[in-house]
Amino acid sequence: IYGLITAVIINGKMEAATYSQYSGYAHLGAGLTVGMSSLAAGLAIGIVGDAGVRANAQQPRLFVGMILILIFAEALGLYGLIVGLVVASTAEGKGKGLCSSYA
């Protein structure tokens with residue numbers, strides 16, 4: 001869902017007449033940041049969830065600790081979303097006239 005949010009925000013900033021290469025690469029970087037951090041968060045949640053369910057079957061007291069670790073793993077994806085939104089929002093102002101043609 002974080003990727004969808006980022007895609008909608010980037011799509012709202014795209015205009016064919018004023019879209020520079022700098023903005024394109026910044027938006028690509030923003031998308032890759034969100035995608036890779038969400039992938040890492042999903043992998044961490046999968047590993048922790050598997051180990052947590054197995055540990056919970058043996059020792060029910062570990063349930064609260066497992067939930068806390070899952071929340072920390074999800075924070076990785078949220079941090080990636082924040083960084084991606086910052087990169088996407090600053091791409092428009094900083095790229096003006098940076099990659100213009102010589103003609």
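Quick caveat, the model's predicted, so the values are computed rather than measured.
Here L62 contributes atom CG and I69 contributes atom CD1; the two are 9.0 Å apart, rounded to the nearest 0.5 Å. For the atom pair OG1 of T33 and CG of L85, the computed distance is 10.5 Å after rounding to the nearest 0.5 Å. Once rounded to the nearest 0.5 Å, the distance linking CD of E74 with CG of L70 reads 9.5 Å. Taken from CE in M14 to OG in S23, the straight-line distance is 9.5 Å, to the nearest 0.5 Å. Interatomic distance, OG1 of T6 versus CG of L4, reported as 8.5 Å (0.5 Å rounding).
In the hydrophobic cluster analysis, where Ile, Leu, Val, Met, Phe, Trp and Tyr join through side-chain heavy atoms closer than 4.5 angstrom, Y79 is grouped apart from M36. Hydrophobic clustering places Y25 together with L32 (ILVMFWY residues linked when any side-chain heavy atoms are closer than 4.5 Å, directly or through intermediates). Residues I71 and I47 do not share a hydrophobic cluster, defined by chaining ILVMFWY side chains whose heavy atoms lie under 4.5 Å apart. With hydrophobic clusters built from ILVMFWY side chains whose heavy atoms lie under 4.5 angstrom apart, V34 does not share a cluster with L76.
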Fill in: side chain to side chain contact (heavy atoms under 4.5 Å, CB included) between L81 and L78, worked out
CA-CA 5 Å; L81 174 68; L78 189 60; 4.3 Å; yes
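Of all non-hydrogen atoms in A73 and A41, the two that sit nearest each other are O-CB, 3.5 Å.
For Y19, the ring pair (Phe, Tyr, Trp, His ring centres under 6.0 Å) partners two or more places apart in sequence, or in a different chain, are H27.
Heavy-atom contacts from other residues, nucleotides or ligands closer than 6.0 Å to CD of Q59 number more than 12.
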